Amino acid sequence: MMAALTSELRWHRKDLLGIRELCADEITFVLDNADAFKQVGTRDVKKVPALRGKTVVNFFVEPSTRTRTSFELAAIRLSADVINISASTSSLTKGETLKDTAKILEANHADIIVLRHSSAGAAHFLGERLSASVINAGDGAHEHPTQALLDLYTIREKKGSIAGLHVVIVGDILFSRVARSNIFGLLKLGARVTLVGPTTLVPRAFEQLGVSISNDIDAVLPTADVVNLLRIQHERQGKEYFPGLGEYIRLFGLTKARAKLLKPECLIMHPGPINRGVEIDSELADGVQSVILDQVTNGLAVRMAVLYLCGGIGKR
Ligand code: CP
């Protein structure tokens, strides 16, 4: 464990705002640190003193189950003091600005602020203005860097490496911060990425990032090493992008019949929350190829690594 933790000089960022700005070495460094922290989770005493005396604020202005609980537990495992703030219980409801709320947190000596927000760029905005570390826990349809890191970690853990793999991401790409962060990370680590979904939700402009696009899922699945299924994000869409759910399931859903096209060793992933029976058949979500719960478990180790690395740089 110490080999990874003591080579801290390879990390120089106080904030984790996105995967786009990270290089492959930085991504790999976070994953290697997560390996060390995953091992901590197997001990009788699952806590380390790495962030003792530091204060972590989970500031979630948008709903979350996985990310919020994972960051909270990660901070506790690192021996930090943790407080949780949600939009409905904060003075944001009285008209206070995001910046003023964050300044209040910093005036209370918060060392790390984990922010989820519906506006793209919210984490960058705070990161530029605060001396505290800012971790992006998802900003609008922009980026969700720790989700991508835990997805990369899970693929690396199951497949040994990421370079050369064919990763297929299916669904609502246009409104997905998970898709964007995954695309950046997968390409940097040498994977081949194909996006699949309705034309309206997978615009050709994504090809400029270096991915392939297909509207024919049955043609793509047989060569996939990993299939990552995304939820239709009705809350961000504001209008209908396809005729109906029945049509979507028929054309893009991972049904039991369609799953027969997959290689037996192909991983099935989903960042959650899952809409069972829509983007994925319920039995497949719980089946032998699914690594969905491994993703959740690995999220804890990855977030411990991110808090540890950024927390070691912030406020110096
Ligand atoms: N994957 C993810 O971000 O889930 P939550 O919205 O529950 O945090």
Side-chain angles (χ1 to χ4, degrees), residues 16-20 30-31 34 56-77 82-90 112-123 134-155 157 167 169-186 197 226-237 254 267-276 278-280 285-286 290-307:
L16 177 66
L17 304 175
I19 301 295
R20 184 174 215 149
V30 177
L31 304 187
V56 175
V57 178
N58 282 323
F59 185 14
F60 278 64
V61 185
E62 229 192 23
S64 167
T65 299
R66 277 148 289 272
T67 312
R68 194 186 60 73
T69 52
S70 180
F71 267 114
E72 183 174 356
L73 192 51
I76 290 169
R77 292 259 171 102
V82 190
I83 57 171
N84 298 302
I85 302 178
S86 64
S88 59
T89 56
S90 79
I112 303 173
I113 296 174
V114 179
L115 178 70
R116 168 163 292 190
H117 202 282
S118 56
S119 296
V134 176
I135 314 289
N136 183 2
D139 61 329
H142 178 231
E143 281 229 38
H144 192 347
T146 58
Q147 179 68 47
L149 289 166
L150 75 88
D151 291 340
L152 293 168
Y153 183 94
T154 304
I155 296 171
E157 182 181 60
V167 179
I169 306 176
V170 185
D172 175 359
I173 310 293
L174 181 61
F175 291 95
S176 175
R177 54 195 175 207
V178 175
R180 275 178 186 71
S181 291
N182 262 273
I183 290 167
F184 296 136
L186 287 162
V226 177
V227 178
N228 197 351
L229 300 150
L230 303 179
R231 179 176 69 86
I232 302 297
Q233 296 174 100
H234 297 287
E235 73 275 20
R236 294 204 191 101
Q237 291 183 354
L254 189 63
L267 305 179
I268 296 175
M269 305 181 76
H270 195 307
I274 301 173
N275 289 141
R276 287 175 183 264
V278 180
E279 64 269 15
I280 183 169
D286 303 323
S290 169
V291 294
I292 294 170
L293 291 180
D294 298 270
Q295 290 173 263
V296 176
T297 302
N298 291 336
L300 176 57
V302 163
R303 289 177 176 122
M304 285 175 79
V306 168
L307 290 173

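Please read all numbers here as calculations on a predicted model, not as lab measurements. We count ligands from 1, going down the list as the structure has it; atoms in each ligand are counted the same way.
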Test item: Ile135 and Val56 side chains (from C-beta on) under 4.5 Å apart, heavy atoms: no

Side chains of Arg116 and Phe59: closer than 4.5 Å at any heavy-atom pair? no

Contact between Leu152 and Leu31 at the side-chain level, heavy atoms closer than 4.5 Å - yes or no? yes

Protein heavy atom at shortest distance from atom 1 (N) of ligand 1: Pro271 O, 2.9 Å

Enumerated ligand 1 atoms positioned under 4.0 Å from heavy atoms of Thr65: 5 (P), 7 (O), 8 (O)

Which residue and heavy atom of the protein sit nearest atom 4 (O) of ligand 1, plus the separation: Arg66 NE, 3.0 Å

Would you find more than 12 non-hydrogen atoms of other residues, nucleotides or ligands less than 6.0 Å from Arg20 atom CZ? no

Give yes if a backbone or side-chain nitrogen or oxygen of Arg68 is under 3.5 Å from a nitrogen or oxygen of ligand 1, and no if not. no

Does Glu62 come within less than 4.0 angstrom of ligand 1, counting non-hydrogen atoms of the residue? no

Specify the protein heavy atom at minimum distance from atom 6 (O) of ligand 1: its residue, its atom name, and the distance to 0.1 Å. Arg116 NH1, 2.8 Å

Which residue and atom name correspond to the protein heavy atom nearest atom 2 (C) of ligand 1, and how close is it? Thr67 OG1, 3.5 Å

May I ask you to establish whether Arg303 and Phe71 are in a cation-pi arrangement, using a distance under 6.0 Å from NZ or CZ to the six-membered ring centre and at most 45° from the ring axis? yes

With heavy-atom distances below 4.5 Å as the criterion, would you say the side chains of Val114 and Val134 are in contact? no

Non-hydrogen atoms of Ile280 and Ile274 that approach each other most closely: CG2-CG2, 3.7 Å

If the contact criterion is a heavy-atom separation under 4.0 Å, does Gly272 count as touching ligand 1? yes

For atom 3 (O) of ligand 1, the option (of His270, Arg177, His144, Arg231) bearing the nearest heavy atom: His144

